[in-house]
K.L.:
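Dumping the structure here so I can ask a few things about it.
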Amino acid sequence: VKNLILVVDDDDDVRETMLMLLALEGHRAVSAENGKRALEMIVAMPESPALIFLDLWMPVMDGRGFLAARNAEVNLASIPTFLFSADSQASKIAPQLHATGYMTKPVDIKKLFAVIGEYIPGK
Amino acid sequence: MWFGAIIAVRTENAPMLTKPGLDLNLMQVVKTQSELINVLRELSAEMDLNVLMQRVVDEATRFTEASFGAFFHRGDDSDASVNDYHLSGGVTASFDDIAFIRRTKLFDATLISAEIIRLRNVADDPRFIESNYHQASATLHHEQVVSYLAVPVNARSGGVFGVLVFCSPVEGHFTVVHESIVRSIAAQAAVAMDNAFLLKRAQAAIKVRDDFLSVAAHEIRTPLTPLALQLQFLQSKIHLVPLKEHPKSVALKSLEIAARQVSRLTLLVEELLDVSRVRVGRLKLDLEDMDIVEMVNDLVERYLVHAEQHGNRILLDLPDEPIVGKFDIFRLQQVIINLLTNAIKYAPGVPIEVSVQTVDDKVNIRFCDYGPGIAPEDQERIFNRFERANSDFKRGGLGLGLYIGREIVEAHGGSISIKSAVNKGCAFTVTLPLPKGHAL
């Protein structure tokens, strides 16, 4: 069963908080600090993630770069990917980049777990 | 503004009616004047620079019945040499090379000395063909360029925005009436251009501010994310007594992360407040004797781990002796931390050299990285409020560090300088004054 969550964000505290809360709620989660690192991790992983939360503004490779790479690769394009950004244009940017959806930071914990509930089979 | 223009036309044109040899009758003069007033009024309302300049040259060409007209102008930057021109609408292919005129000494007389020039025949004026370089062109085009009229468009700042030039193959085509009309149009064009430039600058400033606000909102929302999540998490679990499912250590960790976000938000707010303090001149320094060498050493030590995480090795070159001066420790630390973290942020993975050196009664604190560098055109801009070298390059932070840093250093009587070449690296030097006999 696919249930791994990938958090891609350059902010250390955002990553730490997401991993902590996801683990406490019984989810398996890993994180990457930029799009390039996330792609490398996905390739190296034995299983592809069931859900990705993707920050937009990151050094090395930003959210746009990651989505362009994801959209171009058949195996990756099917991974549900939510923009997870503090950019007030996230709602406009998400459909342009063919993201599955978006969450604007700061996110509400109930909404966060509602999205997770949709994509991760119930425990 | 057109009121002044009417007077000018009237007073200068009226005597012309009595002079023999002019084929303008009274009706025509009145018609021309009323048309001119309408055109001047329309020009004053035009805010688009390109449209304005094209309109100016077209209308002036029409009024003077020139074979062609051109507006050679300096564009947006009044210090630049003439870099662009608008030709009158009906220009035929044979005038395509007309731009050669701007390279004659005749043209320079109007551009540089703001001289109005009206010639029966350009060949009469040695300045037209004086320069050897242009002699060929001048001879070639002499067929089209016989009579000549040039009027400067003077900027309010005193310089010349550009030059309106009109030519005709007919000898003696341009009359004093034509000259007067073009002067009126040029005066109106100058006012309208001033306004259009101001508008353009104001719009650019608004865009910079808007961009900054979106960056600031982003930077504030980022720490708000873990803060809100941790608090909501604690809130949802607080009713579970005892906290069996989530032990105390988890709650403590959660609070620790939340508290860290409050510190981050506080720093952001402080930075924003610094900008307003600097703007209203309320940046107060709390000066006391301190050793620069010790301070730089301590700060570099504090950021060693941070640098290592980004692949930076810091090479420290400090004198053995302390260097003591009167500084605001907190403010100076702010400057040093900004320069150090900038180097780590923008030049990850390369060595960073930090050195402190005295030169006469000054101390230089230098931060040198071998990263991507900063293009010459961006080197001054990055010290402006809300600016960073590449606005598409979102690397966190408000982009205020260098602006505040320069203000702090200048408040100490010092300066910050930058030396950089693209792909070679970047060196920032903070120079601060020292009291005489500073060495302990």
Side-chain angles (χ1 to χ4, degrees), chain A residues 7-27 29 31 33-37 53-66 82-93 102-116 123, chain B residues 210-211 213-237 240 243 245-247 249-265 268 306 309-311 344-349 371-372 390-397:
Chain A
V7 176
V8 190
D9 201 307
D10 64 329
D11 193 275
D12 297 348
D13 291 335
V14 170
R15 287 201 311 277
E16 185 177 2
T17 291
M18 288 289 283
L19 292 190
M20 175 182 168
L21 297 190
L22 292 174
L24 287 170
E25 291 300 315
H27 293 288
S31 72
E33 67 273 21
N34 62 59
K36 183 166 174 276
R37 183 83 195 94
F53 289 111
L54 178 71
D55 188 19
L56 204 47
W57 298 6
M58 293 179 287
V60 186
M61 182 194 274
D62 63 7
R64 291 170 190 276
F66 177 86
F82 277 73
L83 274 194
F84 194 71
S85 172
D87 192 313
S88 45
Q89 301 294 306
S91 60
K92 279 187 202 157
I93 298 168
Y102 70 92
M103 307 201 79
T104 308
K105 290 177 186 170
V107 296
D108 182 82
I109 198 165
K110 288 197 195 88
K111 282 187 191 151
L112 176 67
F113 283 109
V115 166
I116 292 171
K123 308 168 277 167
Chain B
D210 286 349
D211 288 351
L213 285 176
S214 90
V215 168
H218 180 276
E219 290 308 295
I220 287 167
R221 284 184 191 131
T222 298
L224 275 178
T225 307
L227 177 60
L229 284 174
Q230 296 290 2
L231 291 180
Q232 288 165 13
F233 162 73
L234 286 170
Q235 208 172 23
S236 68
K237 302 301 175 194
L240 298 176
L243 290 170
E245 200 184 333
H246 300 293
S249 64
V250 170
L252 284 174
K253 182 74 192 164
S254 191
L255 284 171
E256 180 200 314
I257 294 174
R260 202 154 67 211
Q261 309 318 308
V262 174
S263 306
R264 290 176 68 186
L265 287 165
L268 286 171
H306 179 65
Q309 285 168 349
H310 289 79
I344 295 168
K345 184 157 70 173
Y346 294 104
N390 182 345
S391 54
D392 294 332
F393 199 67
K394 307 214 162 112
R395 284 271 169 119

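The sequence lines fix the lettering, A, B, ..., with proteins before strands; numbering per chain opens at 1. For the numbers below, each heavy atom of this structure counts, side chains included, while hydrogens, waters and symmetry mates do not. It should be emphasised that the depicted structure is a prediction, and the values quoted were computed from it without experimental measurement.
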K.L.:
So which of A:D108, A:D55, A:T104, A:L56 has the largest heavy-atom pair count under 4.5 angstrom toward chain B?
P.N.:
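That would be A:D108.
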
K.L.:
Roughly how far, to the nearest 0.5 Å, is the OG1 atom of B:T222 from the NZ atom of A:K105?
P.N.:
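Rounded to the nearest 0.5 Å, the NZ-OG1 separation comes out at 5.0 Å.
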
K.L.:
Can you check whether B:T225 reaches A:T17 side chain to side chain, under 4.5 Å on heavy atoms?
P.N.:
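Not touching, per the 4.5 Å side-chain cut-off.
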
K.L.:
Do B:Q232 and A:K110 have side chains that approach each other closer than 4.5 Å (heavy atoms only, starting at C-beta)?
P.N.:
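No, their side chains stay 4.5 Å or more apart.
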
K.L.:
Any side-chain heavy-atom pair from B:R221 and A:D87 closer than 4.5 angstrom?
P.N.:
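Not touching, per the 4.5 Å side-chain cut-off.
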
K.L.:
Search all heavy atoms of B:A228 against all heavy atoms of A:V107 and return the closest pair with its distance.
P.N.:
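Shortest heavy-atom contact: CB-O, 4.5 Å.
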
K.L.:
So, using ring pair (Phe, Tyr, Trp, His ring centres under 6.0 Å) as the criterion, who are the partners of A:F82 when residues are at least two apart?
P.N.:
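Once residues adjacent in sequence are excluded, the partners of A:F82 under the ring pair (Phe, Tyr, Trp, His ring centres under 6.0 Å) criterion are A:Y119.
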
K.L.:
Can you tell me which portion of A:I109 sits under 4.5 Å from chain B's heavy atoms? Options are side chain, backbone, both or neither.
P.N.:
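Both backbone and side chain of A:I109 come within 4.5 Å of chain B.
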
K.L.:
Is it the backbone or the side chain of A:L112 that comes under 4.5 Å from a heavy atom of chain B, or both, or neither?
P.N.:
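Side chain only.
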
K.L.:
A:E16: which residues meet the side-chain contact (heavy atoms from CB on, under 4.5 Å) condition with it, sequence neighbours left out?
P.N.:
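By the side-chain contact (heavy atoms from CB on, under 4.5 Å) rule, A:E16 matches A:D13, B:K253, B:I257, B:R260.
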
K.L.:
Is any side-chain heavy atom of B:L229 closer than 4.5 Å to one of A:M20?
P.N.:
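Result no, sub-4.5 Å side-chain heavy-atom pair not found.
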
